[in-house]
2 protein chains.
Amino acid sequence: MQLAVSTVILALRPTPDGSGTTLWLPLVRRIREPFLGAWALPGEPLEEHMSLVEAARARLRHTIGLDPNYLEQLYAFGGVDRSRDGSSPDAPCPERVVSIVYWALVRADEDARMVAGENVAWFPAEQLPALAFDHAAIVDYALARLRAKLEYTPIAHAFLPDEFTLTEVREVYEAVLGRGLDPANFRRQILASGAVEPTGEKVTGTSHRPPSLYRYRPDSVATSPTPPPRSAA
Amino acid sequence: MQLAVSTVILALRPTPDGSGTTLWLPLVRRIREPFLGAWALPGEPLEEHMSLVEAARARLRHTIGLDPNYLEQLYAFGGVDRSRDGSSPDAPCPERVVSIVYWALVRADEDARMVAGENVAWFPAEQLPALAFDHAAIVDYALARLRAKLEYTPIAHAFLPDEFTLTEVREVYEAVLGRGLDPANFRRQILASGAVEPTGEKVTGTSHRPPSLYRYRPDSVATSPTPPPRSAA
DNA sequence: ACAAAAGTGTTAGCGGTACACCCATGT
DNA sequence: ACATGGGTGTACCGCTAACACTTTTGT
(Lines give C-alpha, C1' and ligand atoms only; values in the text may rest on other atoms or scores of the structure.)
Protein backbone atom coordinates (compact mmCIF):
# COMPACT_ATOMS: atom_id res chain seq x y z
CA MET A 1 0.00 0.00 0.00
CA GLN A 2 1.34 3.36 -1.02
CA LEU A 3 0.79 6.83 0.40
CA ALA A 4 0.91 9.72 -2.07
CA VAL A 5 0.39 13.47 -1.93
CA SER A 6 -1.32 15.10 -4.92
CA THR A 7 -2.20 18.68 -5.74
CA VAL A 8 -4.92 20.62 -7.50
CA ILE A 9 -3.34 23.89 -8.60
CA LEU A 10 -5.69 26.65 -9.72
CA ALA A 11 -5.01 29.92 -11.50
CA LEU A 12 -7.18 32.47 -13.27
CA ARG A 13 -6.46 33.04 -16.94
CA PRO A 14 -8.34 34.31 -19.99
CA THR A 15 -10.77 31.82 -21.50
CA PRO A 16 -9.52 30.10 -24.69
CA ASP A 17 -11.66 32.40 -26.84
CA GLY A 18 -10.48 35.43 -24.93
CA SER A 19 -13.95 36.56 -23.95
CA GLY A 20 -13.50 36.33 -20.19
CA THR A 21 -11.59 34.72 -17.36
CA THR A 22 -11.74 31.18 -15.95
CA LEU A 23 -9.93 28.76 -13.76
CA TRP A 24 -7.09 26.77 -15.28
CA LEU A 25 -5.07 23.95 -13.82
CA PRO A 26 -1.91 22.08 -14.70
CA LEU A 27 -1.96 18.35 -15.38
CA VAL A 28 0.87 15.90 -15.99
CA ARG A 29 0.90 13.12 -18.53
CA ARG A 30 1.38 9.71 -16.94
CA ILE A 31 4.47 7.83 -17.92
CA ARG A 32 3.57 4.55 -16.18
CA GLU A 33 0.71 2.09 -16.00
CA PRO A 34 -2.03 2.26 -14.95
CA PHE A 35 -3.51 5.01 -17.10
CA LEU A 36 -0.27 5.33 -19.10
CA GLY A 37 -0.51 8.41 -21.32
CA ALA A 38 -3.56 9.85 -19.56
CA TRP A 39 -3.56 13.25 -17.85
CA ALA A 40 -3.42 13.28 -14.06
CA LEU A 41 -2.98 15.59 -11.10
CA PRO A 42 0.62 16.30 -10.09
CA GLY A 43 1.53 14.00 -7.23
CA GLU A 44 4.30 12.00 -5.67
CA PRO A 45 4.80 9.32 -3.05
CA LEU A 46 5.25 10.68 0.45
CA GLU A 47 8.84 10.51 1.56
CA GLU A 48 9.91 9.61 5.06
CA HIS A 49 11.41 12.96 5.99
CA MET A 50 8.61 15.23 4.72
CA SER A 51 5.38 16.27 6.34
CA LEU A 52 2.25 16.25 4.19
CA VAL A 53 2.30 19.98 3.47
CA GLU A 54 5.99 19.90 2.72
CA ALA A 55 5.40 17.15 0.18
CA ALA A 56 2.61 19.19 -1.41
CA ARG A 57 4.81 22.27 -1.55
CA ALA A 58 7.65 20.29 -3.08
CA ARG A 59 5.31 19.00 -5.75
CA LEU A 60 4.22 22.53 -6.54
CA ARG A 61 7.77 23.74 -6.92
CA HIS A 62 8.49 20.82 -9.19
CA THR A 63 5.37 21.28 -11.32
CA ILE A 64 5.08 25.03 -11.76
CA GLY A 65 8.38 26.28 -10.34
CA LEU A 66 7.04 28.39 -7.49
CA ASP A 67 5.64 28.42 -3.97
CA PRO A 68 2.07 29.65 -4.06
CA ASN A 69 0.83 31.64 -1.11
CA TYR A 70 -2.31 29.60 -0.68
CA LEU A 71 -2.13 25.89 0.08
CA GLU A 72 -4.69 23.85 1.96
CA GLN A 73 -5.43 20.21 2.47
CA LEU A 74 -8.44 19.12 0.43
CA TYR A 75 -9.25 15.54 1.34
CA ALA A 76 -7.76 12.08 1.73
CA PHE A 77 -8.91 9.58 -0.86
CA GLY A 78 -8.57 5.95 0.07
CA GLY A 79 -11.07 3.76 -1.77
CA VAL A 80 -9.70 0.25 -2.23
CA ASP A 81 -10.10 0.26 -6.01
CA ARG A 82 -9.11 3.83 -6.79
CA SER A 83 -6.07 2.89 -8.80
CA ARG A 84 -7.75 0.35 -11.05
CA ASP A 85 -8.18 1.43 -14.65
CA GLY A 86 -11.86 0.87 -15.44
CA SER A 87 -11.31 1.24 -19.17
CA SER A 88 -8.88 -1.67 -19.45
CA PRO A 89 -10.31 -4.35 -17.17
CA ASP A 90 -7.72 -6.93 -18.25
CA ALA A 91 -4.83 -4.93 -16.81
CA PRO A 92 -3.20 -6.43 -13.73
CA CYS A 93 -4.54 -5.00 -10.48
CA PRO A 94 -2.19 -2.14 -9.50
CA GLU A 95 -0.95 -1.53 -6.00
CA ARG A 96 -3.38 0.29 -3.74
CA VAL A 97 -2.78 4.04 -3.28
CA VAL A 98 -4.09 6.36 -0.59
CA SER A 99 -3.82 9.95 -1.79
CA ILE A 100 -3.81 13.02 0.39
CA VAL A 101 -4.76 15.87 -1.88
CA TYR A 102 -3.90 19.53 -1.39
CA TRP A 103 -5.20 22.46 -3.37
CA ALA A 104 -3.30 25.63 -4.18
CA LEU A 105 -4.13 29.01 -5.64
CA VAL A 106 -1.69 30.96 -7.80
CA ARG A 107 -1.64 34.74 -7.82
CA ALA A 108 -1.91 36.48 -11.16
CA ASP A 109 1.53 38.01 -10.81
CA GLU A 110 3.12 34.71 -9.79
CA ASP A 111 1.39 32.99 -12.68
CA ALA A 112 3.20 35.29 -15.07
CA ARG A 113 6.65 34.38 -13.79
CA MET A 114 5.93 30.66 -13.65
CA VAL A 115 8.13 27.94 -15.10
CA ALA A 116 6.24 24.87 -16.25
CA GLY A 117 7.87 21.51 -15.52
CA GLU A 118 8.31 18.51 -17.79
CA ASN A 119 5.18 16.89 -19.15
CA VAL A 120 3.00 19.61 -17.71
CA ALA A 121 0.15 21.29 -19.56
CA TRP A 122 -2.55 23.69 -18.43
CA PHE A 123 -6.26 23.21 -19.15
CA PRO A 124 -9.37 25.29 -18.49
CA ALA A 125 -11.24 23.69 -15.60
CA GLU A 126 -14.42 23.45 -17.66
CA GLN A 127 -12.77 21.62 -20.55
CA LEU A 128 -10.57 18.96 -19.03
CA PRO A 129 -9.48 15.88 -20.94
CA ALA A 130 -10.31 12.44 -19.51
CA LEU A 131 -8.35 12.11 -16.28
CA ALA A 132 -6.63 9.13 -14.70
CA PHE A 133 -7.92 7.47 -11.51
CA ASP A 134 -10.67 9.39 -9.70
CA HIS A 135 -8.96 12.68 -10.48
CA ALA A 136 -11.93 14.21 -12.30
CA ALA A 137 -14.02 13.85 -9.15
CA ILE A 138 -11.19 15.30 -7.08
CA VAL A 139 -11.01 18.38 -9.31
CA ASP A 140 -14.77 18.85 -9.02
CA TYR A 141 -14.48 18.68 -5.27
CA ALA A 142 -11.68 21.24 -5.23
CA LEU A 143 -13.73 23.62 -7.36
CA ALA A 144 -16.73 23.22 -5.08
CA ARG A 145 -14.57 23.96 -2.05
CA LEU A 146 -13.12 27.05 -3.69
CA ARG A 147 -16.58 28.40 -4.55
CA ALA A 148 -17.83 27.73 -1.05
CA LYS A 149 -14.85 29.42 0.60
CA LEU A 150 -15.09 32.42 -1.65
CA GLU A 151 -18.42 33.25 -0.04
CA TYR A 152 -17.28 33.27 3.55
CA THR A 153 -13.55 33.96 3.54
CA PRO A 154 -11.33 36.59 1.89
CA ILE A 155 -9.84 33.87 -0.30
CA ALA A 156 -10.00 36.01 -3.45
CA HIS A 157 -6.89 37.54 -1.91
CA ALA A 158 -4.96 34.47 -2.99
CA PHE A 159 -5.46 35.26 -6.67
CA LEU A 160 -4.46 38.91 -6.46
CA PRO A 161 -1.18 40.81 -6.31
CA ASP A 162 -0.33 43.05 -3.35
CA GLU A 163 -2.21 46.01 -4.74
CA PHE A 164 -5.33 45.83 -6.86
CA THR A 165 -8.52 47.64 -7.77
CA LEU A 166 -11.90 46.65 -6.46
CA THR A 167 -12.95 45.80 -9.99
CA GLU A 168 -10.18 43.23 -10.12
CA VAL A 169 -11.47 41.67 -6.93
CA ARG A 170 -14.94 41.56 -8.39
CA GLU A 171 -13.64 39.91 -11.54
CA VAL A 172 -12.10 37.16 -9.41
CA TYR A 173 -15.46 36.55 -7.78
CA GLU A 174 -17.26 36.60 -11.10
CA ALA A 175 -14.85 34.19 -12.73
CA VAL A 176 -14.95 31.70 -9.85
CA LEU A 177 -18.69 31.89 -9.27
CA GLY A 178 -19.46 32.02 -12.96
CA ARG A 179 -21.93 34.90 -12.74
CA GLY A 180 -21.90 38.66 -12.79
CA LEU A 181 -22.13 40.78 -9.65
CA ASP A 182 -23.43 44.29 -9.16
CA PRO A 183 -20.34 46.54 -9.07
CA ALA A 184 -21.94 49.07 -6.73
CA ASN A 185 -23.08 46.57 -4.13
CA PHE A 186 -19.94 44.46 -4.38
CA ARG A 187 -17.87 47.51 -3.69
CA ARG A 188 -19.80 48.43 -0.58
CA GLN A 189 -19.78 44.90 0.77
CA ILE A 190 -16.08 44.29 0.47
CA LEU A 191 -15.29 47.68 1.98
CA ALA A 192 -17.73 47.08 4.83
CA SER A 193 -16.13 43.70 5.52
CA GLY A 194 -12.96 45.51 6.49
CA ALA A 195 -10.80 42.97 4.66
CA VAL A 196 -9.38 45.63 2.40
CA GLU A 197 -7.96 49.13 2.78
CA PRO A 198 -7.07 51.87 0.26
CA THR A 199 -3.40 52.50 -0.48
CA GLY A 200 -4.14 56.09 -1.48
CA GLU A 201 -2.78 55.58 -4.99
CA LYS A 202 -4.68 55.43 -8.24
CA VAL A 203 -4.14 53.68 -11.54
CA THR A 204 -3.53 55.99 -14.48
CA GLY A 205 -3.97 55.64 -18.21
CA THR A 206 -7.28 53.83 -18.15
CA SER A 207 -9.28 55.80 -20.72
CA HIS A 208 -11.86 56.46 -18.06
CA ARG A 209 -12.01 57.50 -14.42
CA PRO A 210 -8.90 56.13 -12.67
CA PRO A 211 -9.70 53.53 -10.01
CA SER A 212 -8.15 53.57 -6.53
CA LEU A 213 -5.75 50.86 -5.44
CA TYR A 214 -6.36 48.74 -2.37
CA ARG A 215 -4.48 46.16 -0.34
CA TYR A 216 -5.68 43.41 1.95
CA ARG A 217 -5.40 44.16 5.64
CA PRO A 218 -2.39 42.36 7.14
CA ASP A 219 -4.52 40.23 9.46
CA SER A 220 -6.31 38.70 6.49
CA VAL A 221 -5.29 35.14 5.65
CA ALA A 222 -1.91 34.74 4.02
CA THR A 223 -1.15 31.07 3.47
CA SER A 224 -2.86 28.11 5.05
CA PRO A 225 -6.28 29.49 5.92
CA THR A 226 -8.31 27.25 8.18
CA PRO A 227 -5.91 24.44 8.77
CA PRO A 228 -6.34 22.54 11.97
CA PRO A 229 -4.00 23.03 14.89
CA ARG A 230 -1.12 24.87 13.23
CA SER A 231 1.52 22.61 14.71
CA ALA A 232 0.14 19.29 13.56
CA ALA A 233 -0.38 19.85 9.86
CA MET B 1 5.97 4.73 7.80
CA GLN B 2 2.55 3.72 9.00
CA LEU B 3 -0.93 4.78 7.93
CA ALA B 4 -3.62 4.78 10.59
CA VAL B 5 -7.27 5.75 10.81
CA SER B 6 -8.45 7.36 14.02
CA THR B 7 -11.83 8.59 15.21
CA VAL B 8 -13.29 11.36 17.31
CA ILE B 9 -16.65 10.08 18.55
CA LEU B 10 -19.01 12.64 20.05
CA ALA B 11 -22.21 12.19 22.03
CA LEU B 12 -24.34 14.50 24.15
CA ARG B 13 -24.73 13.55 27.80
CA PRO B 14 -25.53 15.30 31.06
CA THR B 15 -22.67 17.29 32.54
CA PRO B 16 -20.89 15.61 35.47
CA ASP B 17 -22.75 17.81 37.96
CA GLY B 18 -26.04 17.13 36.21
CA SER B 19 -26.78 20.79 35.60
CA GLY B 20 -26.87 20.64 31.82
CA THR B 21 -25.72 18.79 28.72
CA THR B 22 -22.31 18.64 27.06
CA LEU B 23 -20.29 16.75 24.53
CA TRP B 24 -18.57 13.58 25.72
CA LEU B 25 -16.12 11.39 23.87
CA PRO B 26 -14.59 7.96 24.34
CA LEU B 27 -10.84 7.51 24.72
CA VAL B 28 -8.73 4.39 24.91
CA ARG B 29 -5.79 3.81 27.21
CA ARG B 30 -2.60 3.09 25.31
CA ILE B 31 -1.04 -0.31 25.90
CA ARG B 32 2.19 0.36 23.98
CA GLU B 33 4.96 2.91 23.82
CA PRO B 34 5.07 5.72 22.98
CA PHE B 35 2.67 7.33 25.46
CA LEU B 36 2.12 4.01 27.23
CA GLY B 37 -0.75 4.43 29.68
CA ALA B 38 -1.93 7.74 28.29
CA TRP B 39 -5.41 8.30 26.87
CA ALA B 40 -5.74 8.48 23.10
CA LEU B 41 -8.30 8.57 20.31
CA PRO B 42 -9.50 5.17 19.11
CA GLY B 43 -7.54 4.23 16.02
CA GLU B 44 -6.02 1.38 14.10
CA PRO B 45 -3.61 0.80 11.24
CA LEU B 46 -5.28 0.80 7.85
CA GLU B 47 -5.62 -2.71 6.47
CA GLU B 48 -5.12 -3.56 2.85
CA HIS B 49 -8.69 -4.58 2.09
CA MET B 50 -10.49 -1.65 3.75
CA SER B 51 -11.26 1.80 2.45
CA LEU B 52 -10.69 4.72 4.81
CA VAL B 53 -14.34 5.05 5.82
CA GLU B 54 -14.65 1.33 6.30
CA ALA B 55 -11.69 1.37 8.64
CA ALA B 56 -13.25 4.25 10.59
CA ARG B 57 -16.56 2.43 10.82
CA ALA B 58 -14.85 -0.74 11.97
CA ARG B 59 -13.06 1.20 14.67
CA LEU B 60 -16.38 2.63 15.84
CA ARG B 61 -17.99 -0.77 16.06
CA HIS B 62 -15.03 -2.02 18.02
CA THR B 63 -14.93 0.96 20.40
CA ILE B 64 -18.58 1.62 21.14
CA GLY B 65 -20.33 -1.37 19.61
CA LEU B 66 -22.46 0.43 17.05
CA ASP B 67 -22.58 2.11 13.68
CA PRO B 68 -23.36 5.79 14.13
CA ASN B 69 -25.39 7.47 11.44
CA TYR B 70 -23.00 10.38 11.05
CA LEU B 71 -19.41 9.84 9.99
CA GLU B 72 -17.21 12.29 8.14
CA GLN B 73 -13.54 12.65 7.41
CA LEU B 74 -11.95 15.34 9.56
CA TYR B 75 -8.38 15.79 8.41
CA ALA B 76 -5.16 13.95 7.63
CA PHE B 77 -2.35 14.59 10.10
CA GLY B 78 1.12 13.92 8.85
CA GLY B 79 3.72 15.96 10.70
CA VAL B 80 7.07 14.17 10.75
CA ASP B 81 7.38 14.23 14.54
CA ARG B 82 3.77 13.63 15.52
CA SER B 83 4.47 10.33 17.22
CA ARG B 84 7.37 11.50 19.37
CA ASP B 85 6.62 11.74 23.08
CA GLY B 86 7.70 15.23 24.08
CA SER B 87 7.54 14.45 27.79
CA SER B 88 10.15 11.67 27.63
CA PRO B 89 12.80 12.95 25.23
CA ASP B 90 15.10 10.00 25.89
CA ALA B 91 12.67 7.50 24.44
CA PRO B 92 13.69 5.97 21.12
CA CYS B 93 12.22 7.73 18.12
CA PRO B 94 9.05 5.84 17.23
CA GLU B 95 8.03 4.98 13.69
CA ARG B 96 6.36 7.78 11.79
CA VAL B 97 2.55 7.67 11.59
CA VAL B 98 0.22 9.47 9.21
CA SER B 99 -3.29 9.51 10.69
CA ILE B 100 -6.47 10.05 8.77
CA VAL B 101 -9.02 11.12 11.32
CA TYR B 102 -12.80 10.74 11.06
CA TRP B 103 -15.39 12.19 13.38
CA ALA B 104 -18.69 10.60 14.29
CA LEU B 105 -21.83 11.72 16.08
CA VAL B 106 -23.90 9.35 18.21
CA ARG B 107 -27.66 9.74 18.54
CA ALA B 108 -29.11 9.93 22.02
CA ASP B 109 -31.09 6.72 21.55
CA GLU B 110 -28.08 4.85 20.16
CA ASP B 111 -25.96 6.14 23.01
CA ALA B 112 -28.30 4.41 25.46
CA ARG B 113 -27.91 0.99 23.85
CA MET B 114 -24.15 1.29 23.45
CA VAL B 115 -21.61 -1.32 24.50
CA ALA B 116 -18.24 0.09 25.52
CA GLY B 117 -15.18 -1.83 24.39
CA GLU B 118 -12.08 -2.81 26.38
CA ASN B 119 -9.98 -0.03 27.83
CA VAL B 120 -12.53 2.57 26.76
CA ALA B 121 -13.71 5.43 28.97
CA TRP B 122 -15.84 8.48 28.22
CA PHE B 123 -14.86 12.03 29.18
CA PRO B 124 -16.59 15.40 28.92
CA ALA B 125 -14.98 17.30 26.05
CA GLU B 126 -14.23 20.25 28.33
CA GLN B 127 -12.39 18.17 30.91
CA LEU B 128 -10.14 15.82 29.03
CA PRO B 129 -7.09 14.22 30.60
CA ALA B 130 -3.67 14.74 28.98
CA LEU B 131 -3.82 13.04 25.59
CA ALA B 132 -1.19 11.12 23.64
CA PHE B 133 0.38 12.48 20.44
CA ASP B 134 -1.31 15.57 19.01
CA HIS B 135 -4.71 14.20 19.92
CA ALA B 136 -5.73 17.16 22.07
CA ALA B 137 -5.36 19.45 19.07
CA ILE B 138 -7.28 16.99 16.92
CA VAL B 139 -10.19 16.98 19.37
CA ASP B 140 -10.22 20.79 19.38
CA TYR B 141 -10.35 20.79 15.63
CA ALA B 142 -13.23 18.32 15.59
CA LEU B 143 -15.19 20.46 18.04
CA ALA B 144 -14.59 23.56 15.97
CA ARG B 145 -15.81 21.76 12.87
CA LEU B 146 -18.92 20.54 14.64
CA ARG B 147 -19.77 24.03 15.85
CA ALA B 148 -19.22 25.49 12.41
CA LYS B 149 -21.36 22.87 10.69
CA LEU B 150 -24.15 23.28 13.20
CA GLU B 151 -24.67 26.79 11.92
CA TYR B 152 -25.09 25.97 8.27
CA THR B 153 -26.23 22.35 8.05
CA PRO B 154 -29.00 20.33 9.74
CA ILE B 155 -26.34 18.37 11.58
CA ALA B 156 -28.20 18.49 14.91
CA HIS B 157 -30.22 15.73 13.30
CA ALA B 158 -27.34 13.35 13.96
CA PHE B 159 -27.78 13.66 17.74
CA LEU B 160 -31.55 13.13 17.74
CA PRO B 161 -33.87 10.11 17.51
CA ASP B 162 -36.39 9.80 14.69
CA GLU B 163 -39.01 11.90 16.46
CA PHE B 164 -38.28 14.81 18.75
CA THR B 165 -39.60 18.11 20.01
CA LEU B 166 -38.26 21.44 18.86
CA THR B 167 -37.04 22.08 22.39
CA GLU B 168 -34.85 19.00 22.13
CA VAL B 169 -33.36 20.35 18.92
CA ARG B 170 -32.73 23.64 20.60
CA GLU B 171 -31.01 21.91 23.52
CA VAL B 172 -28.64 20.24 21.07
CA TYR B 173 -27.73 23.62 19.64
CA GLU B 174 -27.32 25.15 23.07
CA ALA B 175 -25.12 22.33 24.33
CA VAL B 176 -22.85 22.37 21.28
CA LEU B 177 -22.61 26.14 20.96
CA GLY B 178 -22.36 26.63 24.71
CA ARG B 179 -24.92 29.44 24.90
CA GLY B 180 -28.64 29.85 25.25
CA LEU B 181 -30.92 30.58 22.30
CA ASP B 182 -34.26 32.35 22.17
CA PRO B 183 -36.88 29.58 22.04
CA ALA B 184 -39.34 31.65 20.02
CA ASN B 185 -36.90 32.64 17.32
CA PHE B 186 -35.19 29.26 17.20
CA ARG B 187 -38.54 27.66 16.58
CA ARG B 188 -39.39 29.92 13.69
CA GLN B 189 -35.99 29.60 12.10
CA ILE B 190 -35.84 25.84 12.07
CA LEU B 191 -39.40 25.60 10.77
CA ALA B 192 -38.67 28.17 8.09
CA SER B 193 -35.58 26.22 7.04
CA GLY B 194 -37.85 23.40 5.96
CA ALA B 195 -35.51 20.79 7.46
CA VAL B 196 -38.17 19.53 9.81
CA GLU B 197 -41.86 18.59 9.62
CA PRO B 198 -44.51 17.85 12.28
CA THR B 199 -45.57 14.25 12.78
CA GLY B 200 -48.96 15.34 14.11
CA GLU B 201 -48.37 13.63 17.46
CA LYS B 202 -47.78 15.25 20.82
CA VAL B 203 -45.87 14.23 23.93
CA THR B 204 -48.06 13.67 26.99
CA GLY B 205 -47.40 13.76 30.71
CA THR B 206 -45.18 16.81 30.76
CA SER B 207 -46.70 18.87 33.60
CA HIS B 208 -47.20 21.69 31.16
CA ARG B 209 -48.47 22.24 27.65
CA PRO B 210 -47.64 19.14 25.57
CA PRO B 211 -45.13 19.81 22.80
CA SER B 212 -45.59 18.57 19.23
CA LEU B 213 -43.29 15.94 17.75
CA TYR B 214 -41.32 16.53 14.59
CA ARG B 215 -39.16 14.53 12.24
CA TYR B 216 -36.43 15.57 9.83
CA ARG B 217 -37.47 15.66 6.19
CA PRO B 218 -36.19 12.59 4.35
CA ASP B 219 -33.97 14.63 2.03
CA SER B 220 -32.03 15.97 5.01
CA VAL B 221 -28.60 14.48 5.50
CA ALA B 222 -28.50 10.98 6.89
CA THR B 223 -24.91 9.75 7.02
CA SER B 224 -21.91 11.24 5.32
CA PRO B 225 -22.90 14.87 4.82
CA THR B 226 -20.57 16.79 2.55
CA PRO B 227 -18.09 14.17 1.57
CA PRO B 228 -16.43 14.66 -1.74
CA PRO B 229 -17.43 12.62 -4.78
CA ARG B 230 -19.49 9.87 -3.19
CA SER B 231 -17.74 7.10 -5.04
CA ALA B 232 -14.19 7.94 -4.12
CA ALA B 233 -14.36 8.25 -0.34
C1' DA C 1 -19.12 66.22 -26.52
C1' DC C 2 -19.09 61.43 -25.67
C1' DA C 3 -18.08 56.79 -23.99
C1' DA C 4 -16.83 54.10 -20.25
C1' DA C 5 -15.86 52.69 -15.97
C1' DA C 6 -15.49 54.53 -10.96
C1' DG C 7 -18.02 55.60 -7.31
C1' DT C 8 -22.47 57.37 -4.44
C1' DG C 9 -27.48 57.53 -3.13
C1' DT C 10 -31.91 55.68 -2.40
C1' DT C 11 -35.39 52.45 -1.88
C1' DA C 12 -37.73 48.10 -0.90
C1' DG C 13 -37.59 43.64 1.05
C1' DC C 14 -35.86 39.80 3.85
C1' DG C 15 -34.06 37.65 7.87
C1' DG C 16 -32.47 37.92 12.51
C1' DT C 17 -33.06 39.65 17.41
C1' DA C 18 -35.56 41.15 21.33
C1' DC C 19 -39.30 40.79 23.97
C1' DA C 20 -44.35 40.98 25.10
C1' DC C 21 -47.92 38.06 25.19
C1' DC C 22 -51.27 34.02 24.87
C1' DC C 23 -52.07 28.70 25.29
C1' DA C 24 -52.44 24.10 27.34
C1' DT C 25 -51.34 21.08 30.65
C1' DG C 26 -50.17 18.98 35.66
C1' DT C 27 -50.35 19.93 40.41
C1' DA D 1 -55.29 29.26 40.86
C1' DC D 2 -50.72 28.96 39.51
C1' DA D 3 -46.39 27.51 37.70
C1' DT D 4 -44.15 25.92 33.54
C1' DG D 5 -42.76 25.40 29.25
C1' DG D 6 -45.06 25.52 24.34
C1' DG D 7 -46.18 28.53 20.93
C1' DT D 8 -47.60 33.32 18.45
C1' DG D 9 -47.28 38.40 17.37
C1' DT D 10 -44.78 42.36 16.51
C1' DA D 11 -41.50 46.01 16.10
C1' DC D 12 -36.86 47.15 15.01
C1' DC D 13 -32.37 46.80 12.79
C1' DG D 14 -28.87 45.52 9.51
C1' DC D 15 -27.83 43.50 5.29
C1' DT D 16 -28.77 42.72 0.41
C1' DA D 17 -30.56 43.58 -4.26
C1' DA D 18 -31.90 46.67 -7.69
C1' DC D 19 -31.10 50.55 -10.11
C1' DA D 20 -30.81 55.66 -10.84
C1' DC D 21 -27.47 58.92 -10.67
C1' DT D 22 -22.94 61.63 -10.38
C1' DT D 23 -17.80 61.83 -11.17
C1' DT D 24 -13.49 61.56 -13.66
C1' DT D 25 -10.76 60.29 -16.99
C1' DG D 26 -9.21 59.43 -22.38
C1' DT D 27 -10.43 60.17 -27.08
Side-chain angles (χ1 to χ4, degrees), chain A residues 14 18-21 108 147-148 150-154 156 160-161 163-215, chain B residues 14 18-21 108 147-154 156 160-161 163-216:
Chain A
S19 65
T21 306
R147 291 193 184 103
L150 196 69
E151 312 234 32
Y152 67 97
T153 68
L160 294 167
E163 303 197 344
F164 46 81
T165 67
L166 294 189
T167 297
E168 288 169 340
V169 185
R170 179 167 50 80
E171 283 165 351
V172 170
Y173 276 76
E174 292 178 336
V176 173
L177 297 178
R179 61 188 164 93
L181 300 173
D182 183 310
N185 294 330
F186 181 84
R187 186 187 170 69
R188 268 186 295 257
Q189 286 167 23
I190 195 160
L191 288 175
S193 79
V196 116
E197 65 187 6
T199 66
E201 292 164 67
K202 288 183 189 299
V203 178
T204 56
T206 50
S207 108
H208 57 356
R209 177 170 176 173
S212 298
L213 282 170
Y214 293 80
R215 73 173 79 88
Chain B
S19 66
T21 307
R147 291 192 184 103
K149 290 208 103 171
L150 197 69
E151 313 233 33
Y152 68 97
T153 68
L160 294 168
E163 302 198 344
F164 46 82
T165 67
L166 294 189
T167 297
E168 288 170 338
V169 185
R170 179 168 48 83
E171 283 165 352
V172 170
Y173 276 77
E174 291 178 337
V176 172
L177 297 179
R179 62 188 162 93
L181 299 174
D182 183 313
N185 294 330
F186 181 83
R187 182 188 175 68
R188 267 186 296 256
Q189 285 168 23
I190 194 161
L191 288 176
S193 79
V196 116
E197 65 188 5
T199 66
E201 293 164 66
K202 288 182 187 301
V203 177
T204 57
T206 51
S207 109
H208 59 345
R209 177 170 176 174
S212 299
L213 283 171
Y214 294 80
R215 72 173 79 88
Y216 271 90

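In the text below, chain A, chain B and the rest are named by the order of the sequence lines, each starting its count at 1.
Listed pair A:Arg187 / C:dT8 meets the phosphate criterion, a side-chain N or O lying under 4.0 Å from OP1 or OP2.
Within residues 167-177 of chain B, the residues approaching DNA chain D are B:Thr167, B:Arg170, by heavy-atom distance under 4.0 Å.
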Inset, instruction - Determine, for nucleotides 18-27 of chain C in 5'-to-3' order, which nucleotides have protein heavy atoms under 4.0 Å from the base (write B), from only the sugar-phosphate (write S), or from neither (write -). - result: BB---BBBS-
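Shown here are the side chain to side chain donor-acceptor pair (under 3.5 Å) partners of B:Ser207, two or more places apart in sequence or in another chain: there are none. Applying the side-chain contact (heavy atoms from CB on, under 4.5 Å) criterion to B:Thr204, with sequence neighbours excluded, gives no partner residue. Taking A:Thr199 as the reference, nothing meets the side chain to side chain donor-acceptor pair (under 3.5 Å) condition, with sequence neighbours excluded. Not a single side chain to side chain donor-acceptor pair (under 3.5 Å) links A:Thr167 to another residue, sequence neighbours left out. A search for side-chain contact (heavy atoms from CB on, under 4.5 Å) contacts involving A:Pro198 returns A:Tyr214, not counting sequence neighbours.
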Inset, instruction - Would you write the dot-bracket representation of DNA chain D, where each base gets (, ), [, ], | or . depending on whether it forms a Watson-Crick or G-U pair under 3.5 Å and with which partner? - result: |||||||||||||||||||||||||||
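With hydrogens and angles disregarded, a donor-acceptor distance shorter than 3.5 Å links the side chain of A:Glu168 to the backbone of A:Thr165.
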Legend entry - side chain to side chain contact (heavy atoms under 4.5 Å, CB included) assessment of B:Val169 paired with B:Val196: CA-CA 10 Å; B:Val169 185; B:Val196 116; 5.5 Å; no
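You can see that DNA chain D meets the heavy atoms of chain A within a 4.0 Å-exclusive cut from D:dT16 to D:dG26, reading 5' to 3'.
Listed by first and then second residue, the salt bridge (Lys or Arg N to Asp or Glu O under 4.0 Å) pairs that reach into residues 196-206 of chain B are B:Glu197-B:Arg215, B:Glu197-B:Arg217, sequence neighbours excluded. Within the structure, every pair that satisfies the ring-ring contact (aromatic ring centres under 6.0 Å, His included) test and touches residues 169-202 of chain B, not counting sequence neighbours, is listed here: B:Tyr173-B:Phe186.
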Going by atom type alone, with no hydrogens or angles, which donor-acceptor pairs under 3.5 Å involve a side-chain atom of residues 174-185 of chain A and a protein atom two or more places apart or on another chain?
| unit_1 | atom_1 | unit_2 | atom_2 | d |
| --- | --- | --- | --- | --- |
| A:Glu174 | OE2 | A:Arg170 | NH1 | 3.2 |
| A:Glu174 | OE2 | A:Leu181 | N | 2.9 |
| A:Asp182 | OD1 | A:Ala184 | N | 2.8 |
| A:Asp182 | OD1 | A:Asn185 | N | 3.1 |
| A:Asn185 | OD1 | A:Arg188 | NH2 | 2.8 |

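Smallest separation of non-hydrogen atoms from A:Val203 and A:Pro210: O-CB, 2.8 Å.
Among the atoms of the strands shown, only primed sugar atoms or phosphate atoms (P, OP1, OP2) are found under 4.0 Å from some heavy atom of B:Ser212.
The distance from atom CG of A:Leu181 to atom P of C:dA5 is 16 Å, rounded to the nearest whole Å.
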